[in-house]
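Have a look at the structure below before the remarks.
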Amino acid sequence: MIDPVAVVSIHNVFTGENANITENEDIRTISNILCGDAWNTEGTTDCLSNIEITINEETYKYHSDCGTFNDNVNQNYLSLDDERKAVVNAIFSEYISLTATEVPAE
């Protein structure tokens, strides 16, 4: 379980948006998902991750369209079911946009 007062930051790699998740319930929900035992240890996926989440100096990449977290350090991934993906996306979208494609340069 992640300490509910831990700094949890999220970043949209395409739009450049950054934010800290500030609600303890949101932190607890994300913590429960990331600390679960459903991680696949056969490497990471090729998903185009649009979100980076950093918790306690550990960074995970997340693809909001398919609901997959990648842990590049430990070389594993976590695929969420539709219900948990909807929960994570709802939390993240409270803080930043979930734009999953590059925004054209102006």
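The distance from atom CG of N70 to atom CG of N76, rounded to the nearest 0.5 Å, is 8.5 Å. One distance of note links NZ of K61 with CG of L48; it measures 10.5 Å at 0.5 Å rounding. The distance from the OG atom of S31 to the CD1 atom of I55 is 7.0 Å, given to the nearest 0.5 Å. Here the CD1 atom belonging to I51 is positioned 4.0 Å from the CG atom belonging to N12, to the nearest 0.5 angstrom. In this structure, CG in L80 is found 11.0 Å from OG in S64, a value given to the nearest 0.5 Å. Once rounded to the nearest 0.5 Å, the distance linking CD1 of I30 with CD1 of I91 reads 4.0 Å.
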Working for side chain to side chain contact (heavy atoms under 4.5 Å, CB included), residues T29 and D26: CA-CA 5 Å; T29 299; D26 292 344; 5.5 Å; no
Run the numbers on F14 and L98 for side chain to side chain contact (heavy atoms under 4.5 Å, CB included), then give the verdict. CA-CA 9 Å; F14 296 119; L98 296 182; over 6 Å; no
For side chain to side chain contact (heavy atoms under 4.5 Å, CB included), just list the numbers for I21 and I10, CA-CA rounded to whole Å, side-chain angles, deciding distance to a tenth of an Å, and then say yes or no. CA-CA 7 Å; I21 296 178; I10 54 177; 4.0 Å; yes
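Below 30°, between 30° and 60°, or above 60°: for F69 and F92 the angle between ring planes is above 60°, a perpendicular geometry.
N18 places a side-chain N or O within donor-acceptor distance of the main-chain N or O of G16, the cut-off being under 3.5 Å. Judged by distance alone, the side chain of W39 and the main-chain N or O of L34 form a donor-acceptor pair under 3.5 Å. Checking side-chain atoms of D81 against main-chain N and O of E83 turns up a donor-acceptor pair under 3.5 Å.
In plain terms, the two heavy atoms of H63 and C66 that are nearest each other are ND1-SG, 3.0 Å. D71 approaches N74 most closely through the heavy-atom pair OD2-ND2, 2.8 Å. Among all heavy-atom pairs drawn from I96 and A19, the shortest one is CG2-CB, 3.8 Å.
Residues I33 and Y77 do not share a hydrophobic cluster, defined by chaining ILVMFWY side chains whose heavy atoms lie under 4.5 Å apart.
Looking at V13 and E52, their side chains come closer than 4.5 Å, going by heavy atoms from C-beta outward. The side-chain heavy atoms of I53 and V8, taken from C-beta on, include a pair separated by under 4.5 Å.
For the side-chain hydrogen bond (donor to acceptor under 3.5 Å, both in side chains) test, no residue two or more places apart in sequence or in another chain qualifies with K85. Remark: E17 engages T15, S97 in a side-chain hydrogen bond (donor to acceptor under 3.5 Å, both in side chains) (not counting sequence neighbours).
In the model, N20 has no side-chain atom that pairs as donor or acceptor with a side-chain atom of Y95 under 3.5 Å. Side chain to side chain, Y62 and N89 meet the donor-acceptor criterion of an N or O pair below 3.5 Å.
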